[in-house]
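Read the structure below first, then the notes.
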Amino acid sequence: MGKYEDRCYETLKKGRCIVKVSDKTYICPYCPPKKKQYYRYEDLLQHASGVGDSSSAKRRPIVKASHRALAKYLKRNHVPVYLEKDLAPLVSSLKPVTQEDPLSGCDHDEKIVWPWTGIVVNIPTRKSEDGRTVGESGSKLRDELIRRGFNPIRVRPLWNNCDHSGIAVVEFRKDWSGLHNALSFENAYEADHRGKKDWGANNDVKYGLYAWIARADDHKSSSIIGEHLRKTSDIKTISKLMEEEARKQDRLVSYLTNILETKNKHLKEMEAMCSVTSESLKVLMEEKDNLLQAYNKEINKTQQSARLHYQKVFSDHEKVKSQLESHRKDLELREVELEKREALIERERKKLAEELEEVPCFILHLHFCVFTR
């Protein structure tokens with residue numbers, strides 16, 4: 001949520017989201033379009049703070065973070081004139097404190113051990129049961145220095161064979177903020193009269209920790225401190241480091257410039273290819289449209305032809321069906337006539353048979369009559 005809040009705040013600072021509509025009218029850029037409404041400054045601030053600090057589980061973390069960023073942006077960048085007097089204490093408390101230049105007050109030609117290293121001496125030690133000298137761990141001393149705001153990344157106790165030497169080196173980050181922390185570390189101990197000069201002032205027994213930044217004399221010394229520093233670090237001046245950083249930045253800028261030029265060249269090539277591809281695609285789309293129109297025209301023609309053919313087939317079918325039906329009726333009529341003729345013929349046949357049966361009797365009667373005469 002914190003990272004997302006920071007990104008939203010940077011987006012608002014760059015003006016990528018509209019917040020102020022007029023001198024007295026504001027809108028919330030993170031509310032849905034359907035819920036957007038116009039606010040006064042106080043109302044929008046109350047809305048953003050209420051949503052950002054809401055404990056409701058229904059609100060998503062992204063919504064809360066974006067509204068927190070909006071509230072912070074309003075308080076820092078958009079206080080109306082008529083509210084400046086009332087909100088001045090709050091706004092001043094929210095404005096970021098300008099960080100002190102870490103190189104201010106430094107001798108740019110002084111040789112300092114790099115990476116930035118602090119030295120802590122007079123660490124309390126004791127004898128263990130096996131006869132070795134032991135002392136506090138480096139992590140405990142590191143945590144103490146972090147609590148005091150010096151932000152070391154590591155504390156390494158120096159051991160002489162198997163015994164704790166009562167000395168430790170403090171490693172800081174390699175950037176300019178690391179130098180600022182190292183100088184603050186040294187100044188804090190000097191203010192308590194526990195710096196390097198105080199440590200070497202006399203041979204009296206000293207109590208408590210003494211600390212300073214490792215410099216050229218510490219790096220060249222024959223003590224355990226010098227041996228460790230020569231293995232792990234180098235001696236440089238701030239001017240030299242600044243020159244090296246400037247050279248690195250120049251190389252980086254040159255490298256990034258070359259990359260940018262290459263990317264721009266590649267972009268132009270891609271744009272040219274995209275232009276050619278777009279033209280080819282346009283031609284292909286036109287051809288596709290023409291083919292599609294021709295296809296649709298042919299399909300319509302085929303469908304129309306098929307429709308006419310089906311209509312003709314159906315018409316012929318109906319015509320043949322009508323003819324068959326008429327022929328069937330004619331056949332049925334002929335069948336009736338034939339049946340009538342057959343009945344008539346059968347009657348005639350029977351009548352003829354009867355007549356034939358009567359002929360012999362008639363002939364015999366005729367013969368009899370002739371013989372009788």
For L352, run the side-chain contact (heavy atoms from CB on, under 4.5 Å) check against R349, K350, E354, E355 and tell me which one passes.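 The passing option is E355.
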Determine whether F185 and F172 satisfy the following criterion, ring-ring contact (aromatic ring centres under 6.0 Å, His included), listing intermediate values before the conclusion. CA-CA 10 Å; F185 161 80; F172 296 92; 5.6 Å; yes
Same cluster for [X] and [Y] if Ile/Leu/Val/Met/Phe/Trp/Tyr side chains link at under 4.5 Å?
X: W199; Y: I119; answer: yes
X: I259; Y: L252; answer: yes
X: L45; Y: Y30; answer: yes
X: V120; Y: I225; answer: no
X: V51; Y: L12; answer: no

Walk me through whether W176 and L241 qualify under side-chain contact (heavy atoms from CB on, under 4.5 Å). CA-CA 10 Å; W176 299 120; L241 285 173; 4.0 Å; yes
Is any side-chain heavy atom of [X] less than 4.5 Å from a side-chain heavy atom of [Y]?
X: E244; Y: R247; value: yes
X: V169; Y: V155; value: no
X: I146; Y: P152; value: yes
X: Q249; Y: E245; value: yes
X: I167; Y: I123; value: no
X: K196; Y: Y210; value: no
X: E10; Y: R7; value: no
X: L281; Y: M285; value: yes

To the closest 0.5 Å, what do you measure between [atom1] ([X]) and [atom2] ([Y])?
X: E144; Y: L209; atom1: CD; atom2: CG; result: 9.0 Å
X: E190; Y: I213; atom1: CD; atom2: CD1; result: 8.5 Å
X: H219; Y: T117; atom1: NE2; atom2: OG1; result: 9.0 Å
X: L158; Y: L229; atom1: CG; atom2: CG; result: 8.0 Å
X: K236; Y: D234; atom1: NZ; atom2: CG; result: 6.0 Å
X: E332; Y: K329; atom1: CD; atom2: NZ; result: 8.5 Å

Evaluate the criterion side-chain hydrogen bond (donor to acceptor under 3.5 Å, both in side chains) for residue pair S223 and S221; output intermediate values, then yes/no. CA-CA 5 Å; S223 63; S221 67; 3.1 Å; yes
If the threshold is 4.0 Å, N to carboxylate O, is there a salt bridge linking [X] and [Y]?
X: E348; Y: K351; answer: no
X: D175; Y: R173; answer: yes
X: D217; Y: R215; answer: no
X: R334; Y: E337; answer: no

Test item: [X] side-chain N/O and [Y] main-chain N/O as donor-acceptor pair under 3.5 Å:
X: S66; Y: I62; result: yes
X: N160; Y: S165; result: no
X: H67; Y: V63; result: yes
X: S254; Y: D250; result: no
X: T277; Y: M273; result: yes

If every non-hydrogen atom of [X] is compared with every non-hydrogen atom of [Y], which pair is closest and at what distance?
X: G149; Y: N181; result: O-OD1, 4.0 Å
X: W116; Y: A182; result: CB-CB, 4.3 Å
X: R230; Y: S222; result: NH2-CA, 4.3 Å
X: A69; Y: E5; result: CB-O, 3.3 Å
X: L141; Y: A168; result: CD2-CB, 4.4 Å
X: H164; Y: G135; result: CD2-N, 3.7 Å

Report the C-alpha distance between H228 and S233 in whole Å, list the side-chain angles of each, state the deciding distance to 0.1 Å, and finish with yes or no for side-chain contact (heavy atoms from CB on, under 4.5 Å). CA-CA 8 Å; H228 175 80; S233 57; over 6 Å; no
Applying side-chain contact (heavy atoms from CB on, under 4.5 Å) to L260 and K265, what does each step give before you reach the verdict? CA-CA 8 Å; L260 184 60; K265 183 179 179 181; over 6 Å; no
Under 30°, 30 to 60°, or over 60°: which ring-plane class applies to Y9 and Y73, parallel, tilted or perpendicular?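 Plane angle over 60°, so perpendicular.
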How are the rings of F314 and H317 set relative to one another: parallel (under 30°), tilted (30 to 60°) or perpendicular (over 60°)?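 Plane angle between 30° and 60°, so tilted.
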Can you establish whether the number of heavy atoms outside K140 located under 6.0 Å from its atom NZ is more than 12?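 Result for NZ/K140: open.
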Heavy-atom count around Q304 CD within 6.0 Å, excluding the residue itself: above 12?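 Open.
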Audit row: L74, Y41, side-chain contact (heavy atoms from CB on, under 4.5 Å) steps and yes/no: CA-CA 8 Å; L74 290 171; Y41 174 85; 4.0 Å; yes
Taking the six-membered ring of Y189 as reference, does the cationic atom of R194 (NZ for Lys, CZ for Arg) lie under 6.0 Å from its centre and within 45° of its axis?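 The answer is no; the distance or angle limit is not met.
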